[in-house]
*Asks:* 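First, the structure itself, so that you have it in front of you.
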Amino acid sequence: MAIGYACITIGVQNAGLSRCILKNATEDNIRAITRSNLSALETMVEYNIRNDIKLFRISSDIIPFGSHPINEVHWWAEFKEMFTRIGEKISAAEMRVSMHPGQYTVLNATEPRIVQNAIEDLKYHGAFLKALGVDQKNKIVLHIGGVYGDKAKSTKVFIKNYLLLPQSIRNRLVIENDDKNYTIQDVLEISKETNIPVIFDNLHHQLNPPMEKLSDGKWMAACSSTWKGYDGKQKIHYSQQKVGASSGAHSDTVLIQQFLDFYRNLGNKEIDIMLEVKDKNLSAIKCINTAVLDISAKLFEEWVRYKYFVLSRSERLYNEIDQMLNLKDELVAKEFYERLEQAYLLPEDMEAEVNAAQLLWSYVSQECSSAEKKRFEKLVLAYKTRACTVRTLKNHLLKCVLRQEMDYLTNSLYFYI
DNA sequence: TGACGTCAAGATCCG
DNA sequence: CGGATCTTGACGTCA
């Protein structure tokens, strides 16, 4: 069992990805962005290792224009050392990585150029994973594509084009149900003919259920047998609908009770769960700490990161959690995270925000310049009169914290949520 | 033709 | 100048 997240980390320094637009895609710029992004990847991998996260999706944007003819950089050779080093860290930690070309990579398109682009894109993803030196349990996830008014015919085209792919790419390819066109039943039928492993996506399934009505558990069991030993453990995607948003939109955070209901009903616990959620690594750690690990030791570290954020929302919740953590015997991860969720959902309270900002300021102010002091006071006043948002205030505090290298505060989620 | 999804870059406006 | 707030980009399908 592993639980992981996709592409980017919240609240981790030096882990941001860069990109460029076509207009700026010169050889030098592509090279510089590639180097920077590989360095960010290494930071994210190290973060995952520190936090016992063993499942991670690598962003398709990691190489700018990775499958576009404008990119003529032989990045797999030029950055071989970095790839090898990162790949070794991944393997040594028994982390499983994946990549997921988006909705615009359409292998079954009617237009040959689009099919060719899709093939190039899959080759790019394959080359990236190969450069890392990770084995074929590290997958490339793909949707089936378009329907073009005839699903049976388009399904055949998908299979035909799949068979055109190099064996090394086919070895890594797995297919997923989508929220509009191909149901889990459609995808399983394609798997029957091709032996491609199938990813069950719970939210897509909810929005696009097949004619045949089975429980989620039954569908996941059906997918389970598409995963062979050399493919690694069965993998699924899990997400929750964002309330009030357009259907299919991912929630800001994974609500832990809802996740536990799903998790406890899983027949097969030997399964890897990729979370698709806005707060990324934060929800991954939440779910791991609640469902997988014995967390009492980990929770205190979590609290160090969250505490000022909670204080900025509510002193009552802050005190409740603080007291809860002192009663170690009665410590329950679920209750801890449910209180964090309450804090998330509370509306902004100006008094609480000012209170938290001033507490942090009492640590920061001891070593700051008079200009920083002046700006802080100005921003507090501005915030109180609604002339600026609390974000501005937080950014200023963070800038002071980073300049002073106050390590215990730089990772505080107060600054990032 | 616009919506869909992604998320930083880029542009623009404000004080 | 810093910061807030759009808009753009690059991809393809579908209503």
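Everything numeric here is computed off the predicted structure, so don't read it as measured data. The chains referred to below are lettered A, B, ... by the order of the sequence lines, with proteins before strands, and numbering in each begins at 1.
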*Asks:* For nucleotides 9-15 of chain B, give me one character per nucleotide, 5' to 3': B if any protein heavy atom sits under 4.0 Å from the base, S if the only such contacts are to the sugar-phosphate, - if neither.
*Replies:* SS-----
*Asks:* Output the rounded distance in Å from CG (A:Leu393) to P (C:dG2).
*Replies:* 18 Å
*Asks:* Where along residues 60-71 of chain A does a heavy atom come under 4.0 Å from DNA chain C, residue by residue in number order?
*Replies:* A:Phe65, A:His68
*Asks:* Classify the ring geometry of A:Phe309 against A:Tyr306: parallel below 30°, tilted from 30° to 60°, perpendicular beyond 60°.
*Replies:* tilted
*Asks:* In whole angstrom, give the distance that lies between atom CD of A:Glu120 and atom P of C:dA10.
*Replies:* 19 Å
*Asks:* Does A:Arg96 have any salt bridge (charged side-chain N to carboxylate O under 4.0 Å, His left out) partners at least two apart in sequence or in another chain, and if so, which?
*Replies:* A:Asp272
*Asks:* Can A:Lys151 be said to sit on top of A:Tyr182's aromatic six-ring, NZ or CZ under 6.0 Å from centre and within 45° of the ring axis?
*Replies:* yes
*Asks:* Using residues 192-203 of chain A as the side-chain source, report each donor-acceptor pair under 3.5 Å to any protein atom, sequence neighbours left out, with the distance given to one decimal.
*Replies:*
| from | atom 1 | to | atom 2 | distance (Å) |
| --- | --- | --- | --- | --- |
| A:Thr194 | OG1 | A:Ile190 | O | 2.7 |
| A:Thr194 | OG1 | A:Ile196 | N | 3.4 |
| A:Asp201 | OD1 | A:Leu203 | N | 3.0 |
| A:Asp201 | OD1 | A:His204 | N | 2.9 |
| A:Asp201 | OD2 | A:His204 | ND1 | 3.3 |
| A:Asn202 | OD1 | A:Ser239 | N | 2.8 |
| A:Asn202 | ND2 | A:Ser239 | O | 3.0 |

*Asks:* Do the ring planes of A:Phe83 and A:Trp75 sit parallel (below 30°), tilted (30 to 60°) or perpendicular (above 60°)?
*Replies:* tilted
*Asks:* Which residues satisfy the salt bridge (charged side-chain N to carboxylate O under 4.0 Å, His left out) test with A:Glu351, sequence neighbours excluded?
*Replies:* none
*Asks:* What nucleic acid atoms does A:Thr105 come within less than 4.0 Å of, heavy atoms only: base, sugar-phosphate, or nothing?
*Replies:* nothing
*Asks:* Rounded to the nearest Å, what distance is computed from the CZ atom of residue A:Arg391 to the C1' atom of nucleotide C:dG2?
*Replies:* 15 Å
*Asks:* With sequence neighbours excluded, tell me which residues meet side chain to side chain contact (heavy atoms under 4.5 Å, CB included) with A:Pro209.
*Replies:* A:Lys213
*Asks:* Cationic tip of A:Lys286 within the cone over A:Phe336's six-membered ring, i.e. under 6.0 Å and within 45° of the normal?
*Replies:* no
*Asks:* Classify the nucleic acid contact of A:Lys378 as base, sugar-phosphate or nothing, counting any heavy atom under 4.0 Å across all strands shown.
*Replies:* nothing
*Asks:* List in numerical order all residues of residues 364-377 of chain A for which some heavy atom is under 4.0 Å away from an atom belonging to DNA chain C.
*Replies:* A:Arg375
*Asks:* For A:Asn117 and C:dG12, is the shortest distance between a side-chain N/O and OP1 or OP2 below 4.0 Å?
*Replies:* yes
*Asks:* Can you measure A:Leu107 atom CG to C:dT13 atom P for me and round it to whole angstrom units?
*Replies:* 12 Å
*Asks:* Go through the structure and list residues passing side chain to side chain contact (heavy atoms under 4.5 Å, CB included) with A:Val134, not counting sequence neighbours.
*Replies:* A:Ile90, A:Ser91, A:Val97, A:Leu129, A:Leu132, A:Asn138, A:Arg172
*Asks:* Nearest to the A:Ala109 side chain among C:dG2, C:dT13, B:dG5, which nucleotide is it?
*Replies:* C:dT13
*Asks:* With A:Lys242, which residues qualify under salt bridge (charged side-chain N to carboxylate O under 4.0 Å, His left out), at least two apart?
*Replies:* A:Asp252
*Asks:* Taking A:Glu353 first and then A:Arg313, would you say they form a salt bridge - that is, a charged N and a carboxylate O separated by under 4.0 Å?
*Replies:* yes
*Asks:* Taking CG from A:Asp178 and C1' from B:dG5, how many angstroms apart are they, rounded to a whole number?
*Replies:* 13 Å
*Asks:* Between B:dC4, B:dC7, C:dA10, which nucleotide gets closest to the side-chain atoms of A:Gln103?
*Replies:* B:dC4
*Asks:* Could you tell me how far apart A:Leu207 (CG) and B:dG5 (P) are, to the nearest whole angstrom?
*Replies:* 10 Å
*Asks:* For A:Thr110 and A:Lys399, find the nucleotide of DNA chain C closest to each by heavy atoms; which residue's nucleotide sits nearer the 5' end?
*Replies:* A:Lys399
*Asks:* Roughly how many Å is it from CG in A:Asp179 to C1' in C:dG12, rounded to a whole number?
*Replies:* 14 Å
*Asks:* Output the rounded distance in Å from CZ (A:Arg386) to P (C:dG3).
*Replies:* 22 Å
*Asks:* Side-chain N or O of A:Lys242 less than 4.0 angstrom from OP1 or OP2 on B:dG5?
*Replies:* no
*Asks:* Holding to salt bridge (charged side-chain N to carboxylate O under 4.0 Å, His left out), I want the full list of residues that pass it with A:Arg316, two or more places apart in sequence or in another chain.
*Replies:* A:Glu320
*Asks:* Out of curiosity, A:Ile63 CD1 to A:Ile30 CD1, how far, rounded to the nearest 0.5 Å?
*Replies:* 10.0 Å
*Asks:* Does A:Lys394 make a cation-pi contact with A:Tyr414, if we ask for NZ or CZ under 6.0 Å from the ring centre and within 45° of the axis?
*Replies:* yes
*Asks:* For DNA chain C, which residues of residues 138-151 of chain A approach it to below 4.0 angstrom with any heavy atom?
*Replies:* A:Gly146, A:Val147, A:Tyr148
*Asks:* Under 4.0 angstrom, heavy atoms only, what part of the nucleic acid is A:His396 near: base, sugar-phosphate, or nothing?
*Replies:* nothing
*Asks:* Identify whether any heavy atom of A:Lys394 sits under 4.0 Å from a base atom; if not, whether one sits that close to sugar-phosphate; answer base, sugar-phosphate or nothing.
*Replies:* nothing
*Asks:* Mind checking if A:Ser59 touches a base, just sugar-phosphate, or nothing, with heavy atoms under 4.0 Å?
*Replies:* nothing
*Asks:* Can you name the residues that form a ring-ring contact (aromatic ring centres under 6.0 Å, His included) with A:His396, not counting sequence neighbours?
*Replies:* none
